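What follows is a set of notes on a single structure, which appears directly below.
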Amino acid sequence: MFDASTAQAVAAVVTAAATGAATEAGREAWTSLLRLARRAVRRSPGTSEADLLPVDPRDPAQVRTLAGLVLEEAARDDDFAAALESWTRVVGARLGLAPQVSGVHNEVTGNAQVTTVIQAGTVQGGISFGQGPPA
């Protein structure tokens, strides 16, 4: 399922690819994103590659348009969503964003009587909730 947290991860990696386009890893990420975007454009009614390309990674408006296009296609097409999620994981890891693209999901439901809930990424060390254990 393509959800809001996945969309945020995609947006973060798209932005990192655009920002890093001057580096080799960034260029590779940007090029692979454009290949994926071309696939989305071919499937999107009323849109042509001329509407999309070329996209200047230094132009924030063009980057937002590109991200919007791939996110819209992912919402419409599960196969494309899977390809976009895969791209996000692979490219995010190459660009050092792997912790931000995890798919953590927690739920507290039913008759649970919970006073504190914490959701976190990687934790280095302990977590304290105030006072220590009773003596």
Side-chain angles (χ1 to χ4, degrees):
M1 178 180 186
F2 197 80
D3 58 15
S5 65
T6 304
Q8 289 174 340
V10 169
V13 176
V14 167
T15 300
T19 306
T23 68
E24 185 61 32
R27 272 190 300 280
E28 288 176 15
W30 189 250
T31 300
S32 65
L33 175 61
L34 292 179
R35 276 194 302 272
L36 201 57
R38 286 184 186 101
R39 191 170 143 192
V41 167
R42 284 186 218 114
R43 296 173 176 210
S44 182
T47 308
S48 72
E49 285 190 37
D51 296 331
L52 170 67
L53 304 170
V55 175
D56 183 351
R58 296 167 297 177
D59 184 331
Q62 290 181 18
V63 172
R64 280 191 300 277
T65 298
L66 176 66
L69 180 102
V70 295
L71 289 171
E72 285 174 13
E73 184 62 24
R76 274 193 297 272
D77 181 331
D78 289 339
D79 290 337
F80 186 83
L84 183 60
E85 287 180 62
S86 176
W87 176 86
T88 301
R89 276 191 308 278
V90 170
V91 170
R94 285 183 189 153
L95 298 176
L97 299 175
Q100 296 174 350
V101 296
S102 70
V104 174
H105 177 81
N106 293 323
E107 286 186 40
V108 178
T109 62
N111 294 325
Q113 295 181 2
V114 179
T115 58
T116 304
V117 175
I118 295 179
Q119 180 171 333
T122 302
V123 175
Q124 303 288 333
I127 296 178
S128 173
F129 297 101
Q131 298 178 0

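Remember, it's a predicted structure, so these values are computed and weren't measured experimentally. Numbers here simply count residues along the sequence, with the first being 1.
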- Knowing that exactly one of Thr19, Thr23, Val91, Val63 qualifies, which makes a side chain to side chain contact (heavy atoms under 4.5 Å, CB included) with Trp30? Val63
- ILVMFWY cluster, Val13 and Val90 together (side-chain gap under 4.5 Å): no
- Query: Residues in side-chain contact (heavy atoms from CB on, under 4.5 Å) with Arg27, at least two apart?
  - Reply: Glu24
- Residue set satisfying side-chain contact (heavy atoms from CB on, under 4.5 Å) with Asp78, at least two apart, ordered chain then number -> none
- Query: Within the side chain of Ser86, is there an N or O that forms a donor-acceptor pair under 3.5 Å with the backbone of Ala82?
  - Reply: no
- Item | Euclidean distance, Leu84 CG relative to Arg39 CZ, rounded to 0.5 Å | 9.5 Å
- Between Ala17 and Ala29, the two heavy atoms sitting closest are CB-CB, 3.7 Å
- Item | Partner of Leu66 by side chain to side chain contact (heavy atoms under 4.5 Å, CB included), out of Leu33, Asp59, Leu71 | Leu33
- Task: Could you list the residues that satisfy side-chain contact (heavy atoms from CB on, under 4.5 Å) with Ala67, not counting sequence neighbours?
- Result: Val14
- Item | Closest contact, heavy atoms only, Phe80 versus Ala74 | CD2-N, 3.6 Å
